[in-house]
Amino acid sequence: TAPFGQAACGPNCTYKDMVMCFPQLGAESDWRTADTASFKDEAAKDGFQLVFSDAQQKQENQISAVRACIQQGVSVIALPPVVEDGWDAVLTEAHNAGIPVIIVDRSVSADASLYVSHIGSDMKLEGQRAADEFNKKFPDGAKILELSGTTGSGAAVGRAEGFRSKLNANIEIIDSQTGNFTRAEAVPVMQAFLQKYKAGTDFQGIFIHNDDMGLGAIEALKAAGVKPGDLFIVSVDGTRGGFQAMIDGWFQADVECNPLLGPQVAEMSLKIMNGQAVEKNVLTNETVYYPDNAAELLPSRKY
Ligand code: GZL
């Protein structure tokens with residue numbers, strides 16, 4: 001029998017034969033916008049059909065979109081799961097329908113036999129890299145806040161775990177609240193933090209799980225009279241907004257998280273259609289950006 005996921009055109013499928021289902025989780029952040037553009041641009045460039053939908057960060061909408069793609073009989077499903085849990089049933093349905101699934105971006109807790117591959121960031125490593133920055137800054141200890149991403153998402157879970165696994169014991173996370181990866185939701189969370197804790201006195205830093213929430217936090221910090229540099233803030237993603245926040249002195253580091261996954265996912269999808277073996281877990285190479293060359297790099301940033 002043909003390897004799982006080999007299409008009828010295999011091993012001679014071309015992009016013209018490919019229908020990729022991309023049930024995008026939402027449009028919550030600049031990162032997500034760039035991720036979506038990366039898939040749409042790749043489809044246009046390669047000439048494959050992209051079945052796109054926006055789930056507005058609701059898992060039930062993503063699951064419905066996957067089911068519609070199974071009914072349609074697409075070649076491959078590239079799923080960016082909004083949260084880690086709750087995917088076993090629909091992934092089993094795709095598997096039983098003979099449709100290969102690539103998990104993209106965030107991860108799932110489902111059995112790995114239910115999908116062909118995962119392509120995305122090492123979220124734990126991103127959290128560890130953020131911890132390294134606090135450890136370097138506060139050798140004698142500190143009290144910090146955490147503004148976390150979507151509850152239950154692989155990105156927030158991984159970053160939080162990685163951060164705590166590497167943070168020195170003398171740096172205390174005195175409070176952590178989710179801002180659901182959006183700028184708008186981060187503003188009231190930061191305002192509430194500032195009602196409870198005095199910047200500088202009660203806390204000296206903030207770990208923020210993405211730049212969009214960071215920009216929301218800055219709005220609240222400014223309104224409370226906090227100045228750039230009063231606090232040690234480390235964010236994640238490395239968007240243009242994050243680079244500008246480093247230039248303006250608000251962020252002291254920005255851990256890269258690359259959204260431009262379209263090309264890799266397209267290439268892997270065609271290999272699967274042609275019955276070729278692919279890696280089970282492909283992690284994106286990423287780095288950490290700093291204020292000292294943020295202005296120089298900003299013009300070349302792609303998102
Ligand atoms: C990370 C991605 C996260 C980004 C956020 O790979 O899932 O979701 O860090 C985005 O900006 O909303």
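Small disclaimer: the values here were computed from a predicted structure and weren't measured. What's counted below: heavy atoms across the whole structure, side chains too, no hydrogens, waters or symmetry copies. Order of listing sets the numbers, starting from 1, for every ligand and every atom in it.
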How are the rings of Phe181 and His209 set relative to one another: parallel (under 30°), tilted (30 to 60°) or perpendicular (over 60°)?
tilted

If we number the atoms of ligand 1 from 1 as shown, the ones under 4.0 Å from a heavy atom of Cys257 are 1 (C), 6 (O)

Under 4.0 Å from any heavy atom of Ser29, which atoms of ligand 1 are there?
5 (C), 10 (C), 11 (O), 12 (O)

Can a donor-acceptor pair be found between the side chains of Asn180 and Glu28 at a distance below 3.5 Å?
no

Closest heavy-atom approach to atom 9 (O) of ligand 1 among Asp237, Thr33, Asp122 is made by Asp237

Closest by any non-hydrogen atom to atom 1 (C) of ligand 1: pick that one out of Arg106, Met213, Arg159, Gln57.
Arg159

Answer with yes or no after comparing the ring centroid distance for Phe52 and Phe39 against a 6.0 Å cut-off, counting only values under it.
no

May I ask you to check whether Tyr289 and Phe251 place their ring centres under 6.0 Å from each other?
no

Do any nitrogen or oxygen atoms of [X] come within less than 3.5 Å of a nitrogen or oxygen of ligand 1?
X: His209; value: no
X: Arg32; value: yes
X: Glu28; value: yes

Considering non-hydrogen atoms of the protein only, which is the closest contact for atom 2 (C) of ligand 1, and what is the distance?
Asp105 OD1, 3.4 Å

Donor-acceptor contacts under 3.5 Å from residues 192-199 side chains, at least two apart:
| unit_1 | atom_1 | unit_2 | atom_2 | d |
| --- | --- | --- | --- | --- |
| Lys196 | NZ | Asp175 | OD2 | 3.1 |
| Tyr197 | OH | Asp175 | OD2 | 2.6 |

Tell me if the CG atom of Asp292 is crowded by more than 12 foreign heavy atoms within 6.0 Å.
yes

More than 12 heavy atoms of other residues, nucleotides or ligands under 6.0 Å from NZ of Lys136: is that the case?
yes

Between Glu126 and ligand 1, find which residue part has any heavy-atom pair under 4.0 Å and reply side chain, backbone, both or neither.
neither

Say whether Val236 and ligand 1 are in contact under the criterion: heavy-atom distance to a ligand atom below 4.0 Å.
no

